[in-house]
Amino acid sequence: MLGSPAGGDAGLSHVFVRRCTEADVSALETREPPGSGYARGAFARQEAGVVEFLVAVAVADGTVVGSAELTNGEPSELKNLGVDEGVRGHGLGTALIRAAELTVDARITSAGVGERSLVVGVGLDNPRAASLYERLGYRRTGVLSSTTYSYVDAEGVTQTVTERDEELIKRW
Ligand SMILES: CC(C)(COP(=O)(O)OP(=O)(O)OC[C@H]1O[C@@H](n2cnc3c(N)ncnc32)[C@H](O)[C@@H]1OP(=O)(O)O)[C@@H](O)C(=O)NCCC(=O)NCCS
């Protein structure tokens with residue numbers, strides 16, 4: 001398991017972060033909008049060795065309450081960080097980010113070479129997420145990019161969005 005328990009005041013007295021399993025995907029799929037395919041796709045990326053699909057799990061009942069994808073390249077990038085709406089603001093996002101940093105640490109330690117760093121792209125319209133990262137030691141780079149992606153909304157409708165992101169980086 002990665003990272004430390006978090007979220008005590010959410011009633012989630014123990015939440016741990018670990019790699020997603022096939023069983024987690026089946027559980028996540030029952031809660032996704034029909035046709036979303038996000039959890040299955042992220043798990044396939046993990047199986048292909050492209051990312052680690054990290055999930056935050058409530059120990060009490062095994063529910064997955066948040067997730068993020070950590071790319072395997074160097075520098076590693078953290079993507080698609082998300083925490084269930086009802087349990088935001090209780091440290092779970094922080095726990096997922098910390099777990100990603102620990103994973104990078106372990107990789108560099110085992111390779112014996114490389115830079116301990118992590119990159120994130122944060123939407124220009126998402127200042128709250130940017131401030132969370134900055135609080136955790138990430139620095140703005142001024143490097144901007146546009147990402148177009150599709151997702152299935154809660155009503156099952158496919159939405160295509162173009163997002164402007166700024167790259168933030170932490171080196172340690
Ligand atoms: C961003 C997010 C993952 C943070 O998870 P969390 O468990 O709420 O995070 P923590 O409890 O560890 O930290 C709380 C901080 O997260 C940020 N945050 C809280 N709610 C947020 C929201 N709805 N959207 C964006 N950031 C949020 C704030 O900086 C907050 O600090 P504050 O309470 O002092 O304002 C979560 O809010 C979320 O899933 N948001 C929607 C998806 C998203 O914006 N992902 C980030 C992409 S870069």
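For ligands, and for the atoms within them, numbers begin at 1 and follow the listed sequence. From a predicted model like this one, the values you see are computed outputs, not experimental measurements.
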Which of the numbered atoms in ligand 1 are below 4.0 angstrom from a heavy atom of [X]?
X	result
S131	29 (O)
G82	39 (O)
L92	7 (O), 12 (O)
H90	11 (O)
G93	5 (O), 6 (P), 7 (O), 9 (O), 12 (O)

Is a side-chain donor or acceptor of [X] paired with a backbone partner of [Y] at a separation under 3.5 angstrom?
X	Y	value
S36	Y38	yes
E166	G142	yes
R107	G114	no
E74	E115	yes
N80	A68	no

May I ask you to check if ligand 1 and [X] share an N or O to N or O distance below 3.5 Å?
X	value
N126	yes
G91	yes
V83	yes
V87	no
V122	no

How far is [atom] from its nearest protein heavy atom, and which residue and atom is that?
atom	value
atom 15 (C) of ligand 1	R135 NH2, 3.5 Å
atom 48 (S) of ligand 1	G121 O, 3.8 Å
atom 12 (O) of ligand 1	T94 OG1, 2.5 Å
atom 28 (C) of ligand 1	R128 O, 3.5 Å
atom 1 (C) of ligand 1	A129 CB, 4.3 Å
atom 38 (C) of ligand 1	R88 NE, 3.3 Å
atom 13 (O) of ligand 1	L132 CD1, 3.6 Å
atom 46 (C) of ligand 1	L81 O, 3.6 Å

So does [X] pair up with [Y], basic N to acidic O under 4.0 Å?
X	Y	value
E134	K170	no
E101	R116	no
E69	K79	no

Requested in this report: Determine, counting only non-hydrogen atoms of the protein, whether one lies under 4.0 angstrom from atom 41 (C) of ligand 1.
Outcome: yes
Requested in this report: Describe, in one word, how the ring planes of F16 and H14 are oriented to each other, choosing from parallel (under 30°), tilted (30 to 60°) and perpendicular (over 60°).
Outcome: parallel
Query raised in the report: Quick one: does P33's side chain get under 4.5 Å of D153's, heavy atoms only?
Result: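 No; the side chains remain at least 4.5 Å from each other.
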Report task. Would you check if T71 and V119 make a side-chain contact, meaning some heavy-atom pair closer than 4.5 Å? Result -> no
Query raised in the report: So which of T103, L96, I97 actually passes side chain to side chain contact (heavy atoms under 4.5 Å, CB included) with L70?
Result: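 Option passing the side chain to side chain contact (heavy atoms under 4.5 Å, CB included) with L70: T103.
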